[in-house]
Amino acid sequence: MPRMSRRTLLGSMAAVAVPGVLTACSTGSGDSDVSNAGKKLAPWPSYRPATGPKPDLAPTDAGVQAGYTAYPAELVKSVARTPGDGSTVKVMSVSFGTPPKPASANRFWAAVEKALGVKIEYTIISQADYQKKMATVMAGDPDSLPDIINMFSGFVLPREAEFVQRRAEDLTPFLSGAAVADYPNLANIPTHAWRDMGRIGGRVYGIPLERPLPGSTLWLNQGMFTDAGMTEGWTSQDFAAVAKKATSGRTYALGAAQGSLFGNAVHSAAHNAPQEWAVTKSGAFRPGWADERFKAAIAFQAGLRKGGAYHPDATSISQIDLTTLFYNGTVGSMQDGFGAYLPKYRETQGKLTPAAALPYSVDGTPGGIVAARRSFGYTVLKKAKKERVELLLRILDYLAAPFGSKEWELVHYGVEGTHFTRGKDGSPQPTKLGEVENNTNLPLKYLAEGPQVLFVPGMPDAVRALHAWQQQTVPHAVRNASYGLQSRTKNAQGTTLKAMLDDTVTGIVAGRIPLSEWDAAVKKWRSRGGDRMAEEFAKDYAANT
């Protein structure tokens with residue numbers, strides 16, 4: 001399961017390590033008009049929900065996920081025929097796992113190839129190397145592009161939209177409107193995922209990887225926080241008091257990782273500060289960083305840090321090492337993506353009970369949670385003849401099979417008896433081989449995936465708790481209004497400019513920079529491109545509404 005905050009680790013450095021290579025990418029001068037303003041907009045693919053096992057806990061239109069307290073007893077078949085033609089397909093995606101065994105010695109790889117009817121040449125890029133590798137790919141020969149490319153949303157690559165517009169296949173004729181019906185599992189991807197992926201120049205170029213509405217989440221060692229006085233309906237003052245009481249000796253209530261800004265996303269959302277961008281009723285865009293509630297969140301975090309509640313290595317520790325500290329009880333909480341619930345529950349059994357924190361209130365106002373981009377990333381295809389594009393779409397359609405289908409089980413767990421056995425509730429339980437050969441190390445799920453659901457094998461109470469948490473918090477989700485919109489300035493400069501603000505937040509919370517410096521940093525950000533972004537987002541927003 002991907003951890004959303006892992007990808008945040010290096011997000012603030014996305015134009016620092018190799019800015020020259022990225023900016024100089026041979027997609028052109030950067031003058032391409034990727035905005036949607038003034039364009040005829042392609043209709044979003046028509047949503048057609050798949051038929052399958054009925055969930056035990058119902059989803060809502062507001063964004064609460066479907067929940068399954070037990071694995072479906074009867075799996076459906078979602079693909080009518082083998083999609084491939086025996087040819088070789090070259091794919092490339094990010095990975096959060098360890099490198100897989102080679103195809104010749106990997107039975108999971110072989111089983112998927114057999115089901116798809118193709119040979120897969122897979123270029124797997126670790127999160128740490130993704131930025132540099134993509135820079136090389138974007139600057140390279142168009143003919144050498146892989147057939148299928150995962151555009152990982154952990155980094156905003158300079159000129160990314162221009163690269164996609166110039167080099168990737170325009171999928172509008174294949175997927176827009178009713179055309180997507182030829183690919184039933186892709187038609188099962190909800191419209192919110194397509195919207196948050198966004199159009200480029202009015203056209204549909206990618207296939208989104210749908211994600212739940214809750215984003216960055218504060219995961220608690222529930223026992224530690226309850227013992228320290230945590231109660232439902234707590235205020236920011238209560239939170240600070242509990243954090244102080246739960247911190248003792250070498251045990252710290254709050255953990256944070258390098259690049260996470262001391263978990264700023266969670267705290268700014270609790271203060272109901274806009275998450276990067278807010279849009280007014282008139283359609284104007286306002287930066288969240290200029291909002292006084294965001295500044296108040298920084299001040300609150302600085303107070304928590306000064307009081308000793310944060311682990312002392314909060315500006316240098318990796319997300320992976322922080323997770324270890326959470327599991328062994330050194331830190332009582334950590335910010336991570338909501339999607340990290342599965343490993344949290346799986347790895348902490350018998351050690352502690354993880355729980356997603358309810359946001360605290362500020363000045364009598366209920367706190368918010370971070371609304372995630374509903375597209376974790378998106379997949380684009382190399383330009384090709386119609387027949388080839390259709391073959392690649394059939395492959396992605398198979399990989400996007402819904403939960404409760406035979407295809408989903410194969411892609412996520414492999415072959416029964418080889419990669420998994422059945423638990424008491426019928427759910428797949430990985431074998432020793434399945435711990436090595438799987439969808440994490442061979443990350444097919446980052447090429448295409450069906451809508452995610454709430455399911456924790458063998459832990460129905462965890463599913464009920466997560467579903468109840470979503471029912472309470474989803475109405476208070478704070479959304480970044482720029483999701484799915486285009487801004488030429490952000491494409492070119494946004495990551496570098498945001499890094500400047502991120503460094504300032506970290507410096508203030510760490511006590512190296514006074515809070516009084518914040519307004520000057522925001523003013524500099526606005527003058528160097530922030531105000532231009534606001535204008536461009538407003539124009540694109542108007543075009544999309």
Side-chain angles (χ1 to χ4, degrees), residues 60 62-64 213-222 224-247 253-254 256 260-282 284-310 332-335 338 355-372 465-481 505 508-509 514-516 518-519 522:
T60 69
V64 176
L213 186 143
S216 292
T217 301
L218 186 65
W219 290 98
L220 305 176
N221 177 335
Q222 191 171 40
M224 180 188 292
F225 271 71
T226 300
D227 290 346
M230 178 183 68
T231 58
E232 188 172 328
W234 57 354
T235 66
S236 56
Q237 290 83 2
D238 295 331
F239 182 93
V242 170
K244 182 177 181 179
K245 187 175 181 180
T247 299
L254 308 177
S260 74
L261 286 61
F262 289 86
N264 175 259
V266 165
H267 292 286
S268 60
H271 280 72
N272 286 294
Q275 297 299 292
E276 295 198 22
W277 292 99
V279 60
T280 67
K281 290 182 179 179
S282 65
F285 270 65
R286 298 285 181 261
W289 298 293
D291 193 292
E292 285 299 313
R293 290 169 295 183
F294 189 88
K295 186 176 179 180
I298 301 174
F300 179 70
Q301 290 179 265
L304 293 171
R305 198 278 315 164
K306 188 175 181 179
Y310 278 104
S333 66
M334 62 178 293
Q335 179 177 290
F338 178 79
L358 289 168
Y360 51 78
S361 63
V362 180
D363 298 329
T365 303
I369 63 166
V370 179
L466 292 167
H467 192 267
W469 181 86
Q470 286 193 358
Q471 288 179 312
Q472 287 182 269
T473 59
V474 159
H476 304 289
V478 184
R479 174 180 163 81
N480 181 343
V505 172
I508 293 171
V509 178
L515 181 64
S516 59
W518 178 247
D519 291 343
V522 173

May I ask you to decide if Pro274's main-chain N or O and Glu276's side chain share a donor-acceptor pair within less than 3.5 Å? no
Quick check for you: to the nearest 0.5 Å, what is the distance between Ile508 atom CD1 and Arg305 atom CZ? 12.0 Å
Among residues two or more places apart or on two chains, list those pairs meeting salt bridge (charged side-chain N to carboxylate O under 4.0 Å, His left out) that have a residue in residues 284-299. Asp291-Arg293, Lys295-Asp519
How far apart are the closest heavy atoms of Gly229 and Val242, and which atoms are they? C-CG2, 3.7 Å
Yes or no on side chain to side chain contact (heavy atoms under 4.5 Å, CB included) for Ile298 and Asn264, after CA distance, side-chain angles and deciding distance? CA-CA 7 Å; Ile298 301 174; Asn264 175 259; 4.3 Å; yes
Shortest non-hydrogen separation from His467 to Val64 and the atoms involved: NE2-CG1, 3.5 Å
What is the distance from atom CG of Leu218 to atom CE of Met334, rounded to the nearest 0.5 Å? 9.5 Å
Output yes when a side-chain donor or acceptor of Thr217 lies under 3.5 Å from a complementary backbone atom of Gly215, and no otherwise. yes
Residues at least two apart in sequence or cross-chain that pass salt bridge (Lys or Arg N to Asp or Glu O under 4.0 Å) with Arg479, listed by chain then number, are Asp196
Rounded to the nearest 0.5 Å, what separation is found between the CG atom of Asn272 and the OG atom of Ser361? 10.0 Å
Say you draw a straight line from CZ of Phe285 to OG of Ser282; how long is it, rounded to the nearest 0.5 Å? 10.5 Å
Closest approach of Gln472 to Pro475 (non-hydrogen atoms, all atoms of both residues): O-CD, 3.7 Å
Looking only at heavy atoms, what is the nearest atom pair of Val362 and Ser236, with distance? CG2-CB, 4.3 Å
Search all heavy atoms of Gln301 against all heavy atoms of Tyr310 and return the closest pair with its distance. NE2-OH, 3.6 Å
Could you state the interatomic distance from CG (Leu213) to CD (Gln470), rounded to the nearest 0.5 Å? 8.0 Å
Close side-chain approach of Trp219 to Ser333, heavy-atom, < 4.5 Å: no
Return the minimal non-hydrogen interatomic distance between Lys245 and Ala228, and the atom names on each side. CD-O, 3.5 Å
Could you walk me through whether Val505 and Trp289 pass the side chain to side chain contact (heavy atoms under 4.5 Å, CB included) check? CA-CA 10 Å; Val505 172; Trp289 298 293; 5.7 Å; no
Going by ring pair (Phe, Tyr, Trp, His ring centres under 6.0 Å), name the residues that satisfy it together with Phe239, two or more places apart in sequence or in a different chain. Trp234, His267, Tyr360
Mind checking the OG1-CG spacing from Thr247 to Leu254? Nearest 0.5 Å is all I need. 6.0 Å
